[in-house]
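Because the structure is predicted, anything quoted here is derived from the model rather than measured. Start at 1 with the first residue, then count along the sequence.
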Amino acid sequence: MKVEKADYIWAVISFITVGVSFHFGYLLYGLLTIYGFMVLLFLYHVFTVKKHISGTEAAFGKITEYHIKKESRTYYYPVVEFETADGRMISSVYTYPDKEQKYKIGDEELIRYDPDDPIFFYFANRENELTDNYYRYIFFGGVAALFVLIVILAY
């Protein structure tokens, strides 16, 4: 995820909200307000991602290798080589990891790339990976916000 100006603004608003709500004895309301800001910010990110991918072009990319990252488990990032509409050859690493090698080296897959920044690409059948985490964060944040709301209503 790319950190944007909106993220910094959200962080400042969150700190102010926590400070003010704590000062006046309404911290739980402040936390609910922060969740509301978080939802707005994540929906903004989803909107910008969808806008960004609407201007992409299709190409077939060849899986040339995998970048492997070992942390608590092993993650595989396919390296894809493709030709842009204007004839440039691009080799780029996919930004979302897999827990297994989904593609065989040498496979050709349909990708979509940004003609202004062809390093950015995604697999055409996996575009939901670009926004799924935002929806996941909204859902789990909603569960926590619901818990806070129940605590508020219980008093």
Side-chain angles (χ1 to χ4, degrees), residues 1-18 28 30-150:
M1 284 185 230
K2 182 180 175 188
V3 178
E4 297 181 12
K5 187 188 299 185
D7 299 311
Y8 291 116
I9 293 169
W10 178 75
V12 169
I13 289 172
S14 295
F15 280 116
I16 292 170
T17 302
V18 166
L28 293 179
L31 295 176
L32 288 177
T33 303
I34 289 171
Y35 171 70
F37 290 142
M38 181 191 80
V39 168
L40 291 175
L41 179 69
F42 287 171
L43 290 176
Y44 163 78
H45 280 297
V46 168
F47 172 76
T48 57
V49 166
K50 290 189 182 260
K51 184 179 175 188
H52 187 198
I53 67 176
S54 69
T56 58
E57 293 187 18
F60 280 97
K62 183 177 182 180
I63 312 299
T64 58
E65 63 180 304
Y66 277 91
H67 173 73
I68 300 170
K69 189 172 187 179
K70 294 184 181 191
E71 295 175 351
S72 58
R73 48 174 68 162
T74 303
Y75 294 102
Y76 299 93
Y77 297 82
V79 178
V80 178
E81 187 175 272
F82 60 95
E83 185 175 354
T84 63
D86 60 0
R88 293 184 291 166
M89 288 302 295
I90 304 293
S91 182
S92 183
V93 178
Y94 190 50
T95 56
Y96 292 92
D98 292 316
K99 295 175 186 168
E100 65 213 26
Q101 293 184 3
K102 286 190 176 183
Y103 309 102
K104 293 181 182 175
I105 293 178
D107 281 355
E108 290 203 8
E109 295 291 328
L110 183 63
I111 63 160
R112 303 220 27 116
Y113 69 93
D114 182 348
D116 296 328
D117 182 17
I119 295 297
F120 169 77
F121 78 93
Y122 62 93
F123 290 97
N125 61 344
R126 295 171 65 180
E127 85 177 31
N128 61 335
E129 290 178 335
L130 303 174
T131 57
D132 278 354
N133 281 340
Y134 294 116
Y135 292 124
R136 207 171 286 124
Y137 297 149
I138 289 170
F139 174 78
F140 288 114
V143 170
L146 184 61
F147 176 76
V148 168
L149 189 60
I150 290 170

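Contact annotation: the side chain of Y35 never approaches that of L31 to less than 4.5 Å [non-hydrogen atoms, C-beta and beyond]. Considering only heavy atoms from C-beta on, E127 stays 4.5 Å or farther from T56 through its side chain. Contact annotation: the side chain of P97 never approaches that of K69 to less than 4.5 Å [non-hydrogen atoms, C-beta and beyond].
Formation of a donor-acceptor pair under 3.5 Å by the Y134 side chain with backbone atoms of L41 is not found in this model. Between the side chain of D107 and the backbone N or O of K104, at least one donor-acceptor pair lies under 3.5 Å. Not one N or O on the side chain of T74 forms a donor-acceptor pair closer than 3.5 Å with the backbone of K70. In this structure, Y75 contributes its side chain and H67 its backbone to no donor-acceptor pair below 3.5 Å.
From H52, atom NE2 reaches atom CZ of F47 across 13.5 Å, with rounding to the nearest 0.5 Å. Between atom CZ of residue R73 and atom CD of residue E100 there is a gap of 11.0 Å, rounded to the nearest 0.5 Å. The CZ atom of F120 lies 14.0 Å from the CD1 atom of I90; values are rounded to the nearest 0.5 Å. Note that the OH atom of Y137 and the CE atom of M38 stand 10.5 Å from one another [nearest 0.5 Å]. Within the model, atoms CD1 of I138 and CG of N133 stand 11.0 Å from one another, a figure rounded to the nearest 0.5 Å. Here CD of E129 is found 8.0 Å from OG1 of T95. Values are rounded to the nearest 0.5 Å.
Aromatic pair F121/Y113: ring centres not closer than 6.0 Å.
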Practice prompt. Go through the steps for E109 and K102 under the test side-chain contact (heavy atoms from CB on, under 4.5 Å), then give the verdict.
Written response: CA-CA 11 Å; E109 295 291 328; K102 286 190 176 183; over 6 Å; no
Practice prompt. Would you sort out whether I105 and T64 count as a side-chain contact (heavy atoms from CB on, under 4.5 Å), showing the intermediate values?
Written response: CA-CA 5 Å; I105 293 178; T64 58; 5.7 Å; no
Item to complete: Decide side-chain contact (heavy atoms from CB on, under 4.5 Å) for V80 and F123; before the verdict, give the C-alpha distance in whole Å, the side-chain angles of both, and the deciding distance to 0.1 Å.
Response: CA-CA 10 Å; V80 178; F123 290 97; 3.8 Å; yes
Discussion item. Run the side-chain contact (heavy atoms from CB on, under 4.5 Å) test on E57 and T84 for me, step by step, so that the C-alpha distance in whole Å, both residues' side-chain angles and the decisive distance to 0.1 Å come before the verdict.
Written reply: CA-CA 9 Å; E57 293 187 18; T84 63; over 6 Å; no
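Between V46 and Y135, the closest heavy-atom pair is CG1-OH, 3.2 Å. The shortest non-hydrogen separation linking P118 to R88 is CG-NH2, 3.5 Å. Between F60 and L110, the shortest heavy-atom contact is CD2-N, 3.9 Å. Here the shortest heavy-atom pairing between P115 and G55 reads CD-O, 3.3 Å.
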